[in-house]
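Below: the structure, in structure tokens.
First the proteins, then the strands, lettered A, B, ... as listed; each starts at 1.
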Amino acid sequence: MQVTITTLGVFRTLGPEFVLDIADGATVFDVRQALESRIAADAPSLLDTLARSAFAADDFVLRDDDLIDGASVLALLPPVAGG
Amino acid sequence: MRVSQSGAQWFCGLVDGPCPTDQWSVHVEDPAHGAINTFYGVVRNHNDGHAAASVDYDVHETLAIKALGALCAEIVEALPVRLYVIHSCGLVAVGQASVVIASSSAHRAEAFEATRRCIDELKVRVPIWKREIAPDASDRWLDGHSIRRD
């Protein structure tokens, strides 16, 4: 299945979104790994930031072991810096 | 106000551009409260050795208002206060406010504590990101605190 990852913060420098092909039954961890491969090629300096980033579906921040079935769009949330 | 939430003792919101600093009083004034404490977070002209002209705030609006509401609810549950917090979305210039917090309580200790807790937690929990823009128009994204749930 295809999952669209929308970017925020520093990841906007890589474009507004990534589209990943993920196996059915994949977890957030699988998405993270697929994204690592993409970013390792395009922007290796952001790999550390990716490791500290979270994923969200709608208004829920997900855990790495959460299944992404039914969620075709995830938001990639780098470390936050409000205030 | 771009989006807001409120409870019996609290109000939170996101605004486009700089935060107004004259709208908090109606949300925290209370005849039983003898202390009002305010905090304005203001964009400064330098950061970490770099000159700055403005900050562009990137916000996940849905998650941010949810996180702000949860934070306010936690604080008014823990402390006998009324609480107001708003944060900017988009461009805020040096000298302008990007966050405004006001709290009131019967006595000063709880108002001070509520304001401090609100800004400290906002910085590590609410999905907002800063793109700092220098006087020469170069920019950089600032690092922050992870909100990963492991």
Exercise for the section: Taking only Lys NZ, Arg NE, NH1 and NH2, and the carboxylate oxygens of Asp or Glu, determine whether A:Asp64 and B:Arg149 approach each other closer than 4.0 Å. Expected result: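 B:Arg149 and A:Asp64: not salt-bridged.
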
Do [X] and [Y] sit in the same hydrophobic cluster, where Ile, Leu, Val, Met, Phe, Trp and Tyr count as joined when their side-chain heavy atoms come under 4.5 Å apart?
X: B:Leu71; Y: B:Trp24; result: no
X: B:Ile119; Y: B:Trp10; result: yes
X: B:Val99; Y: B:Ile36; result: no
X: B:Tyr84; Y: B:Val15; result: yes
X: A:Leu50; Y: A:Val73; result: no

Practice task
Look up atom CG in A:Leu8 and atom CH2 in B:Trp141, then write down how far apart they are to the nearest 0.5 Å.
Solution key: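 These two atoms lie 8.0 Å from each other.
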
Practice task
Can you establish whether the number of heavy atoms outside B:Arg108 located under 6.0 Å from its atom CZ is more than 12?
Solution key: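 Open: at most 12 neighbouring heavy atoms sit under 6.0 Å from CZ of B:Arg108.
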
Problem - Residues, nucleotides or ligands: over 12 heavy atoms within 6.0 Å of B:His50 NE2 - result: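 More than 12 heavy atoms, drawn from other residues, nucleotides or ligands, come within 6.0 Å of this atom.
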
Contacting region of [X] [heavy-atom separation from chain A under 4.5 Å]:
X: B:Lys123; value: both
X: B:Arg140; value: neither
X: B:Val124; value: backbone
X: B:His87; value: side chain

Exercise for the section: Name the option with the most non-hydrogen atom pairs under 4.5 Å to chain B; the candidates are A:Leu62, A:Thr49, A:Thr13. Expected result: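 Of A:Leu62, A:Thr49, A:Thr13, A:Leu62 has the most heavy-atom pairs under 4.5 Å with chain B.
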
Practice task
Check whether any side-chain heavy atom of A:Arg52 sits under 4.5 Å from a side-chain heavy atom of B:Asp143, and report yes or no.
Solution key: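 They are in contact (side-chain heavy atoms under 4.5 Å apart), so the answer is yes.
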
Exercise for the section: Could you tell me whether the side chain of A:Arg12 reaches within less than 4.5 Å of the side chain of B:Asp58, counting heavy atoms only? Expected result: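 A side-chain contact exists here, since the closest heavy-atom pair is under 4.5 Å.
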
Practice task
Quick one: closest heavy-atom pair of A:Ala81 and B:Gly144, and the distance?
Solution key: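 Of all heavy-atom pairs spanning A:Ala81 and B:Gly144, the closest is CB-CA, 4.2 Å.
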
Handout entry: Which atom of B:Leu122 lies closest to which atom of A:Gly82, heavy atoms considered
Key =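 Smallest heavy-atom distance, with atoms named: CD2-C, 4.0 Å.
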
Exercise for the section: Quick one: which of B:Ser98, B:Ser146, B:Ser88 has the most heavy-atom pairs under 4.5 Å with chain A, could you say? Expected result: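 Greatest number of close heavy-atom pairs with chain A: B:Ser146.
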
Practice task
Carefully, step by step, assess A:Val10 and B:Trp129 under the rule side-chain contact (heavy atoms from CB on, under 4.5 Å).
Solution key: CA-CA 8 Å; A:Val10 68; B:Trp129 301 272; over 6 Å; no

Exercise for the section: Quick one: do A:Leu77 and B:Ile147 satisfy side-chain contact (heavy atoms from CB on, under 4.5 Å)? Show the steps, please. Expected result: CA-CA 8 Å; A:Leu77 312 174; B:Ile147 56 171; 3.8 Å; yes

Exercise for the section: Could you look at A:Asp58 and say if it's the side chain, the backbone, both or neither that has a heavy atom under 4.5 Å from chain B? Expected result: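 Looking at A:Asp58, just its backbone touches chain B.
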
Handout entry: Contacting moiety of A:Phe60, where chain B heavy atoms sit under 4.5 Å
Key =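 Both the backbone and the side chain of A:Phe60 come within 4.5 Å of chain B.
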
Practice task
Say whether, by atom type as modelled, one donor and one acceptor occur between the side chain of A:Asp59 and the main chain of B:Leu63 under 3.5 angstrom.
Solution key: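 Judged by distance alone, no pair lies under 3.5 Å.
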
